[in-house]
2 protein chains.
Amino acid sequence: MLDSETKAVETPEDHAEELRLWLRLLTCTTLIEGEVRGRLRQRFDVTLPRFDLMAQLDKAPDGMTLSDVSKRMMVSNGNVTGLVERLVESGHLDRRTSETDRRVQVIRLTKLGRAEFRRMAAEHETWIADLFVDLTPKDVRELMRLLAKTKASAQKSAARRRP
Amino acid sequence: MLDSETKAVETPEDHAEELRLWLRLLTCTTLIEGEVRGRLRQRFDVTLPRFDLMAQLDKAPDGMTLSDVSKRMMVSNGNVTGLVERLVESGHLDRRTSETDRRVQVIRLTKLGRAEFRRMAAEHETWIADLFVDLTPKDVRELMRLLAKTKASAQKSAARRRP
DNA sequence: GCCGATTTCTTTAGGCTTCAAATAATTGGC
DNA sequence: GCCAATTATTTGAAGCCTAAAGAAATCGGC
């Protein structure tokens, strides 16, 4: 068997397909994210990061620490500090220092915060449904599967670099 | 045929699957984007928006107007103004007012800008390949197809709201 | 109990991003 | 040629975001 027949080891590898995939993934996300951001602003005068933070807290009735939030939202600590500050200011969040560990701040939705979030979330869900409306249930399942695989692959790759 | 048997028209529609799909899409993108941003910073001390802008210009040897760039990158005009300002300042971009329409600014990569971009792009491509390495060629094709469908669906939905 | 390492959070500096309003140039109808 | 509408860009205010450095509290050996 000749070298030239063995999987083209010598040629500089062509990753154009993966690159195109990444750009398409990014385009889809940017498109949908922009649409959601605009609607949140128009309908509720709220920003996407605020909405996302409230969404995290809505799933945690007992509250979360800032670190939890920062990990879940995949943003920096400092970012969360400012975000929380503004949401406490506007009365949507309650923030208190943990009894057992005075480094830790526990934040919760206030009654107002929860009520407003639920109202927004209900409408938000219909927007998402509309944005994905042309996908069949099978498309959705298949996308879920492939994105799960993508996420796993990317996490492994990230871990290889930063073990 | 009873009403309760006809596609559950009365029940508030359940869009939980689409919501989960959106969150997974967002997670994948955030994960990869964060990884790319970090590597660009570490290896080349450049930001992702700067890289993206240079990527657009690399594909347009005759230059682009700021509006073109803003549409392609799906960001606001004001955003591009500042980005370009900094890249002109650092010698990567050349900017001139159009001869035929004095409202228009045409920007191009400088020699330095092009050289640096090519160097970064080559490495960038290997990062992307590594991030997607666990996907088979078939996975990639299938994802491309489903994301194209998603993009079309989202664009239609956006157009319905803002015709 | 003490002290170095770690964890949690804040601060700082700089850059990115949006929206809305303002500026400047062009176009089209008359 | 004139003027209203449109188009291209800039500006300003506010908020988002990161990385890195710093402050405060806790933890783990010893």
Side-chain angles (χ1 to χ4, degrees), chain A residues 26 29-31 33-54 63-90 92-93 95-107 162, chain B residues 26 29-31 33-54 63-90 92-93 95-107 162:
Chain A
L26 190 54
T29 302
T30 305
L31 183 61
E33 193 173 322
E35 199 57 26
V36 170
R37 187 200 319 282
R39 298 191 197 200
L40 280 175
R41 238 188 52 67
Q42 267 199 353
R43 289 278 299 131
F44 303 113
D45 193 33
V46 76
T47 65
L48 185 52
R50 274 167 159 92
F51 178 82
D52 285 344
L53 175 45
M54 293 171 82
M64 299 174 77
T65 70
L66 296 202
S67 290
D68 286 345
V69 171
S70 140
K71 272 174 208 122
R72 285 293 194 91
M73 294 181 69
M74 298 194 278
V75 299
S76 68
N77 281 349
N79 188 355
V80 174
T81 295
L83 216 40
V84 166
E85 203 167 76
R86 287 183 287 271
L87 278 166
V88 167
E89 169 69 23
S90 63
H92 294 86
L93 257 56
R95 161 202 219 138
R96 63 186 61 168
T97 303
S98 162
E99 303 277 326
T100 57
D101 186 339
R102 269 174 302 172
R103 286 171 305 181
V104 173
Q105 304 284 317
V106 178
I107 54 176
R162 224 182 312 91
Chain B
L26 189 54
T29 302
T30 305
L31 183 59
E33 193 173 322
E35 198 58 26
V36 171
R37 187 202 319 283
R39 296 193 200 201
L40 281 175
R41 236 189 54 68
Q42 268 199 352
R43 288 280 297 131
F44 302 112
D45 193 32
V46 76
T47 66
L48 184 52
R50 274 166 157 93
F51 179 81
D52 285 344
L53 176 44
M54 293 172 83
M64 301 173 76
T65 70
L66 295 203
S67 291
D68 287 346
V69 172
S70 137
K71 271 174 208 121
R72 285 295 194 89
M73 293 181 70
M74 298 194 278
V75 299
S76 69
N77 281 349
N79 188 352
V80 174
T81 296
L83 216 39
V84 167
E85 202 167 78
R86 286 183 287 271
L87 278 167
V88 168
E89 168 69 24
S90 64
H92 294 85
L93 258 56
R95 160 202 219 137
R96 62 186 62 167
T97 303
S98 162
E99 302 277 326
T100 57
D101 186 339
R102 269 174 303 171
R103 287 170 306 181
V104 173
Q105 304 284 317
V106 178
I107 54 176
R162 225 181 316 91

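Side chains are part of it too, since the values below use all heavy atoms of this structure and drop only hydrogens, waters and symmetry mates. A quick note: this is a predicted structure, and the numbers were derived from the prediction, not measured. Each chain gets a letter, A, B and so on, in the order its sequence line appears, and its residues count up from 1.
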Review point. So which heavy atom on D52(B) is nearest to which on M73(B), and how close?
Key: CB-CE, 3.7 Å

Heteroatom pairs (N/O) under 3.5 angstrom, protein to nucleotides 13-16 of chain C:
{"unit_1": "dC16(C)", "atom_1": "OP1", "unit_2": "T47(B)", "atom_2": "OG1", "d": "2.9"}
{"unit_1": "dC16(C)", "atom_1": "OP1", "unit_2": "R50(B)", "atom_2": "NH1", "d": "2.9"}
{"unit_1": "dC16(C)", "atom_1": "OP2", "unit_2": "R86(B)", "atom_2": "NE", "d": "2.2"}
{"unit_1": "dC16(C)", "atom_1": "OP2", "unit_2": "R86(B)", "atom_2": "NH2", "d": "2.4"}

Review point. How close or far is atom P of dC16(D) from atom CD of E85(A), stated in whole angstroms?
Key: 11 Å

Check your understanding: Can you name the residues that form a side chain to side chain donor-acceptor pair (under 3.5 Å) with S98(B), not counting sequence neighbours?
Key -> T100(B)

Practice item. For residues S76(A) and S70(A), report the shortest heavy-atom separation together with the two atoms involved. Key: C-OG, 4.1 Å

Point to revise | Between P of dT17(C) and CE of M74(B), the distance in whole Å | key: 12 Å

Distances under 3.5 Å only, N/O to N/O: pair up the protein atoms with those of nucleotides 7-10 of chain D.
{"unit_1": "dT7(D)", "atom_1": "O2", "unit_2": "R103(B)", "atom_2": "NH1", "d": "2.7"}
{"unit_1": "dT9(D)", "atom_1": "OP1", "unit_2": "L66(B)", "atom_2": "N", "d": "3.3"}
{"unit_1": "dT9(D)", "atom_1": "OP1", "unit_2": "Q105(B)", "atom_2": "N", "d": "2.9"}
{"unit_1": "dT9(D)", "atom_1": "OP1", "unit_2": "Q105(B)", "atom_2": "O", "d": "3.3"}
{"unit_1": "dT9(D)", "atom_1": "OP2", "unit_2": "S67(B)", "atom_2": "N", "d": "2.6"}
{"unit_1": "dT9(D)", "atom_1": "OP2", "unit_2": "S67(B)", "atom_2": "OG", "d": "2.4"}
{"unit_1": "dT10(D)", "atom_1": "OP1", "unit_2": "R95(B)", "atom_2": "NH2", "d": "2.3"}
{"unit_1": "dT10(D)", "atom_1": "OP2", "unit_2": "T81(B)", "atom_2": "OG1", "d": "2.8"}
{"unit_1": "dT10(D)", "atom_1": "OP2", "unit_2": "R95(B)", "atom_2": "NH2", "d": "3.3"}

**Study point:** Atom-to-atom span, CZ of R39(A) to P of dC19(C) - whole angstrom
**Key:** 14 Å

Practice item. Output yes when a side-chain donor or acceptor of T30(B) lies under 3.5 Å from a complementary backbone atom of L26(B), and no otherwise. Key: yes

Practice item. Starting from P on dC16(D), measure out to CZ on R37(B) and report it in whole angstrom. Key: 16 Å

For a quick test of your reading: what N or O donor-acceptor pairs under 3.5 Å do the side chains of residues 79-86 of chain A make, sequence neighbours left out?
{"unit_1": "T81(A)", "atom_1": "OG1", "unit_2": "N77(A)", "atom_2": "O", "d": "3.4"}

Exercise for review: Indicate yes or no: at least one non-hydrogen side-chain atom of T65(B) is less than 4.5 angstrom from one of Q105(B).
Suggested key: no

**Study point:** Any R102(A) side-chain nitrogen or oxygen under 4.0 Å from OP1 or OP2 of dT26(D)
**Key:** yes

Exercise for review: Kindly state each residue pair satisfying side chain to side chain donor-acceptor pair (under 3.5 Å) with at least one member in residues 40-49 of chain B, sequence neighbours excluded.
Suggested key: R161(A)-Q42(B), R43(B)-E123(B)

Review point. In whole angstrom, what separates E89(A)'s CD from dG15(D)'s P?
Key: 10 Å

Point to revise | Phosphate OP1/OP2 of dA14(D): any R41(A) side-chain N/O under 4.0 Å | key: no

Review point. Between CG of L53(B) and CG of L93(B), what distance do you get to the nearest 0.5 Å?
Key: 5.5 Å

Check your understanding: Between atom CD in E35(A) and atom P in dT18(C), what is the gap in whole Å?
Key -> 14 Å

Review point. In whole angstroms, how far is the P atom of dG15(D) from the CG atom of L53(A)?
Key: 15 Å

Exercise for review: With sequence neighbours excluded, give me every salt bridge (charged side-chain N to carboxylate O under 4.0 Å, His left out) pair touching residues 66-84 of chain B.
Suggested key: none

